[in-house]
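A short worksheet on the structure shown next.
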Amino acid sequence: MTPEPTHNRSTGADPIVDVEDVSFGYTASPVVEDISLTVERGEYVGMIGPNGSGKSTLLRLILGLHEPDEGQVELLGHPARAFAEREKVGYVAQDVTENTKRMPITVAEVVLMGRFPHAGFGRITSDDRDRARQALRTVGIDHLADRKITQLSGGQRQRAYIARALAGEAELLVLDEPTVGVDAESVDAFFDLLTDLNDDGMTILLVEHDIGAVLEHTSRVICLNRALYFDGDPVAFADSDALDRAYGTNVRRDDGVVLS
Amino acid sequence: MTGALLVTVVLGVLYGALDWLIDRWSDALGWIGETFGIGMLDYVFMHHAFLVGSLIAVMAPLIGTFLVHRQLALIGDALAHTAFAGVAVGLFVNATFGTGISPYVTAVVVAMIASLAIELISEVTDAYNDVSMAIVLSTGFALGAVLISLNTGGLAVGINQYLFGNLATVSRENAILLVVLFVVVTLVVSLTYKQLLYVTFDETAARVAGLRVPWYNRVMAMLTAMVVVGAMQIMGVILVAAMLVVPVAGAAQFARSFREALLASVVLAQIAVLVGITLSYQYEATAGGTIVLVAVAIYIGAVLVGKVQSNQVTAEEPRSIPDEELAD
């Protein structure tokens, strides 16, 4: 590894996410362009941007699901496409289970999947089950362990996916619009859970359409619309004109406003 | 030279061992038949039929559970039809070169190649689409039909057993081939159960977790090819996919966990096969069709049970589960 030139916010310590001059497009026109950012351990980062701004695509690039056209992405110090040490990455997507399939599988079975990368081709041990049970307790749904995952509400299901990440001893939690389809009351509780996890040292990278929620809960805001418009703390973001520039209009910025 | 000799010896010993095992199975069923006065167990071909049938009823729902819950039920049908092309290749080679290869062996080879082709097409086009699956299906069947007609000068003889399956033609060689397929399929699934489950449940999350998803998809497709060819002997090309789908759909009606769904689908398939074979012997009906009809009847029963069960659950208070029960 050759030492890289410093870029914004890099403190020199090994960052958990390192995105460097990355551009990517599904077709000829780029969806994300020339983006550089790093995420340090313990940060709680919220990524916002209008629809089609490339925020989910950037997340997929960070996770190694796409190969960047230009630039490079490192995750946990490895190239993202190498998929190394992936047991340390927990991933929670939009709640898609609900409408796509009615597969018979219990909450406990789903959470236990977090242990699969650790077990490899070996057997699941009682230690693995203990960790899964503990994770369910942490997110507060251990009483639902034997329910079918499809019987849970959207909020409970997202908690189950977080439990899966915890069971896998994830150090980085990546969430892609996790509150879509979750009722308002559960959303608040969900963000409280994320704050608690962050307080316990979990690094969190969150893509969210609800700007108000990001400003309220995260410690750092990244605003993008193909290019990076803002990267800094929420208070500075609220005072800047980055939102107007990124979204292209004068949007109302009352607390809790939802742009989608 | 010595390598080839060694392989021949090992295969010979393996064949002998399996042959001996099937003999013991035959003895056991024969004894049961005599003791309880079950007439159909007087025949060795029925012993083979029950052996092959119950092995199929384990591995077909085993693979089918993973396929159905990924909405890939059609892949079994497509591979069965390409396996028919494999049968035709076997018959063609035998007729042309005077060899005695079992057409089921060539069917396994061709179906596995086709399964990889389907997988690669879906990886390139980034989706399993029913159009490409339908194209593979018809290409396989057309190729088989043409090869067989070339072979017999336009007269397609002796292919009914491959199209519809036949209890009476389950030879010793074919029973041994099936045992080998069974061992391979169950071993691979038990070794990769966790990975296959993860990929089945959420492919993207599995990729993020570092699983080599395309690799497991290829394994799954090849296992499907093996199961399809194995089941073809009794079920026939046209009905073989039913064994992959119908018991699984039945089990999904009432099973809560994935493991439960797997076990239940195997149990339902066993019932369908045993009842189906017995009925087909009794009434001299085709075994494949009878088995499928029994399986569908079981499926309908399972739907009703599932309805009653879900009504009960909604009527009851949601029960809380003690921590000790938190197992797989």
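Every chain is numbered from 1 and lettered A, B, ... according to where its sequence line falls, protein lines coming before strand lines. Values reported hereafter were calculated over all heavy atoms of this structure, with side chains retained and with hydrogens, waters and symmetry mates removed. Here the structure is a predicted model, which means the values were calculated and not measured.
Of all the listed residues (A:Pro117, A:Ala84, A:Gly120, A:Ala82), the one sharing the greatest number of non-hydrogen pairs under 4.5 Å with chain B is A:Gly120. Interface summary for chain A: among B:Ala205, B:Ala261, B:Ala252, the most heavy-atom pairs under 4.5 angstrom belong to B:Ala205. Counting heavy-atom pairs under 4.5 Å between each of A:Met113, A:Lys88, A:Arg115 and chain B puts A:Met113 at the top. Most heavy-atom pairs under 4.5 Å with chain B, from the set A:Gly122, A:Gly90, A:Gly64: that is A:Gly122.
The side chain to side chain donor-acceptor pair (under 3.5 Å) check on A:His118 picks up nothing, with sequence neighbours excluded.
Between A:Glu109 and B:Arg259, no side-chain nitrogen of the basic residue sits less than 4.0 Å from a carboxylate oxygen of the acidic one, so the salt-bridge criterion is not met. In summary, A:Arg123 and A:Asp128 do not engage in a salt bridge, as defined by a charged side-chain N under 4.0 Å from a carboxylate O.
Inspection of the A:Tyr91 and B:Thr204 side chains reveals no N or O donor paired with an N or O acceptor under 3.5 Å.
The contact between A:Val110 and chain B is made entirely by side chain atoms (from C-beta outward), counting heavy-atom distances below 4.5 Å. The contact between B:Leu197 and chain A is made by backbone and side chain atoms together, counting heavy-atom distances below 4.5 Å. Looking at A:Arg164, the atoms closer than 4.5 Å to chain B (heavy atoms on both sides) all sit in the side chain, from C-beta outward.
Using cut-offs of 30° and 60° on the angle between ring planes, the pair A:Tyr26 and A:His66 is perpendicular.
Remark: B:Arg212 CZ is loosely packed, at most 12 non-hydrogen atoms of other residues, nucleotides or ligands lying under 6.0 Å away.
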